[in-house]
There are 2 protein chains.
Amino acid sequence: MLETQDLDRRTRRHLRSRREIIEAAWELARGEGIAGFSLRQLAARVGMKAPSLYQYFATKNDLYDAMFHDGYQQLQERLTSQEGLAPLTREEIKEEGRKFFDFCTEDPVRYALMCERPIPGFEPSAQSAALAEEVLHAQVYSMLANLGIRDQETIRLFLGITNGIVSQQIALNPGAQDWRPLMDRAIDLFLDHVEVA
Amino acid sequence: MLETQDLDRRTRRHLRSRREIIEAAWELARGEGIAGFSLRQLAARVGMKAPSLYQYFATKNDLYDAMFHDGYQQLQERLTSQEGLAPLTREEIKEEGRKFFDFCTEDPVRYALMCERPIPGFEPSAQSAALAEEVLHAQVYSMLANLGIRDQETIRLFLGITNGIVSQQIALNPGAQDWRPLMDRAIDLFLDHVEVA
DNA sequence: GTCTATATTTGGATAGAC
DNA sequence: GTCTATCCAAATATAGAC
């Protein structure tokens with residue numbers, strides 16, 4: 001007979017393996033590109049053979065979806081949720097901006113999976129897309145709302161300029177940080193423009 | 001005996017075929033992704049078999065390089081060279097910004113090839129990279145220099161925010177133009193900040 | 001749950017006839 | 001310059017033994 005304890009243990013073990021695979025996938029993706037690694041390579045890295053991976057992910061796109069989801073979970077942990085908080089000072093906003101810059105540039109492949117469309121045919125599942133929206137809401141929308149900014153155009157302006165600094169760093173000089181000071185300046189520019197903080 | 005005329009004719013014919021292949025490659029790339037089309041598909045589209053393509057491009061990466069080069073030539077034709085011109089008015093700058101936005105968003109795959117790094121292992125040749133730099137110089141550096149802006153940080157700020165608007169449009173809602181009005185606003189923001197025009 | 005073996009497809013690229 | 005035929009490598013995914 002199967003005890004509940006055994007089921008739990010089995011589930012936990014399964015989830016742990018899943019996690020290990022996802023992390024190995026990130027490592028491989030950083031080296032070979034997000035679409036450039038194979039399931040054979042991935043299996044080898046976790047000490048399995050390729051077919052065993054199908055116990056954890058039904059298709060390669062399902063793996064991508066788990067990575068996408070994982071990326072947004074990481075971002076969520078890295079930034080400070082702004083929901084129900086007092087408005088940030090200008091310096092605190094810059095601090096969050098630098099954290100975002102560092103998060104994105106430290107792993108360009110992760111940034112691409114999360115914010116660009118690097119894999120033809122892959123789209124995040126509804127669940128993962130919902131998490132992405134949730135993170136955006138908790139961090140950006142809330143932060144701006146706390147400053148009194150709620151109209152979509154201004155929110156987009158903020159998203160555009162901050163992501164612009166990040167994506168230029170990654171496109172023109174990945175691995176470096178020479179665009180990092182520009183994040184502060186871009187945020188100054190924005191805040192001067194909207195006349196708050 | 002081969003006449004010079006014949007050589008010219010042959011060369012022109014060769015270049016015409018090359019051009020036809022590049023254009024077919026763009027069409028395919030728009031549908032299948034930049035790395036998602038095969039040389040077999042490409043050959044079929046121009047009425048050839050795959051091996052014949054090797055008369056025109058030694059490898060697939062050479063084809064990508066030709067496309068990269070072609071993209072920057074197209075951009076060069078689309079924008080107005082600013083070298084030796086009088087400073088633009090604010091409205092004229094916005095006009096150029098909108099042209100850039102339209103150019104980039106009308107073909108996201110082209111934008112990706114030109115400005116992101118969508119193909120692991122592909123880097124533009126020295127010649128193509130030089131063209132890219134030349135275009136950037138003739139358009140952006142010159143335009144800003146005519147306004148008295150010459151320091152690198154401010155130039156980068158301009159590049160960051162304008163590319164940011166474009167890349168958000170492509171990432172979040174490709175095919176649409178709902179971020180287009182933000183290009184004007186971003187340029188206002190920038191010009192207010194640097195206090196010119 | 002993991003394996004071996006393999007099906008199946010597809011890719012880039014080359015040899016050599018015409 | 002274009003073709004047919006083919007090489008070779010690699011990919012995702014499945015079947016079925018253990």
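Values below: every heavy atom of this structure, side chains too, minus hydrogens, waters and symmetry copies. Chain letters run A, B, ... following the sequence lines, proteins first, then strands; residues in each count from 1.
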statement: Between NE2 of B:His14 and P of D:dG1 the distance, given in whole Å, is 6 Å

message: Please pick, from C:dG1, D:dC3, C:dT4, the nucleotide with the shortest atom-to-atom distance to any side-chain atom of A:Lys49.
response: C:dT4

- prompt: Should the ring pair A:Tyr141 and A:His137 be called parallel, tilted or perpendicular, given that the plane angle runs from 0 to 90° and is split at 30 and 60?
  reply: perpendicular

- prompt: How many Å lie between CZ on B:Phe37 and P on C:dT10, as a whole number?
  reply: 17 Å

- prompt: Going by an N to O cut-off under 4.0 Å, is there a salt bridge joining B:Asp192 and B:Arg90?
  reply: yes

message: Under a 3.5 Å cutoff, is there a donor and acceptor pairing between the side chains of B:Asp8 and B:Thr11?
response: no

message: At 4.0 Å (heavy atoms only), tell me whether A:Tyr56 reaches a base, stays on the sugar-phosphate, or touches nothing.
response: sugar-phosphate

task: Please report, rounded to the nearest Å, how far the P atom of C:dT4 is from the CE atom of A:Met48.
output: 13 Å

- request: Specify the separation, in whole Å, of atom CG of A:Leu42 and atom P of D:dA13.
  value: 12 Å

message: Hydrogens and angles aside, do B:Asn163 and B:Tyr111 bring a side-chain donor and acceptor to less than 3.5 Å of each other?
response: yes

message: Does this structure show an ion pair linking A:Arg98 with A:Glu91, if we count only N-O contacts that are shorter than 4.0 Å?
response: yes

message: Between B:Ser38 and C:dG11, is there a contact of a side-chain N or O with OP1 or OP2 at under 4.0 Å?
response: yes

query: D:dA11 P sits how many Å from A:Gln41 CD, rounded?
result: 6 Å

task: May I ask you to decide whether A:Arg78 forms a salt bridge with A:Glu106, counting only side-chain N to carboxylate O separations under 4.0 Å?
output: yes

- request: Quick one: label B:Gly36 by what it contacts on the DNA or RNA (base, sugar-phosphate, nothing), any heavy atom closer than 4.0 Å.
  value: nothing

task: Write down the distance between CG (B:Leu53) and C1' (D:dT2), rounded to a whole number of angstrom.
output: 11 Å

- request: Let me know the distance between CG of A:Leu63 and P of D:dA13, rounded to the nearest Å.
  value: 10 Å

field: Members of residues 16-30 of chain A that approach DNA chain C, where some heavy atom sits under 4.0 Å away
entry: none

field: Nucleotide-resolved protein contact map, nucleotides 13-18 of chain C, B/S/- at heavy-atom distance under 4.0 Å
entry: BB----

query: Would you call A:Glu27 and A:Arg45 a salt bridge, using N to O less than 4.0 angstrom?
result: yes

- request: Answer yes when B:Glu95 and B:Lys99 have at least one side-chain N-carboxylate O distance shorter than 4.0 Å, and no when they do not.
  value: no

message: Tell me whether the side-chain N/O atoms of B:Tyr64 come closer than 4.0 Å to OP1 or OP2 in C:dG12.
response: no

Under-4.0 Å salt bridge between B:Arg110 and B:Asp70: no

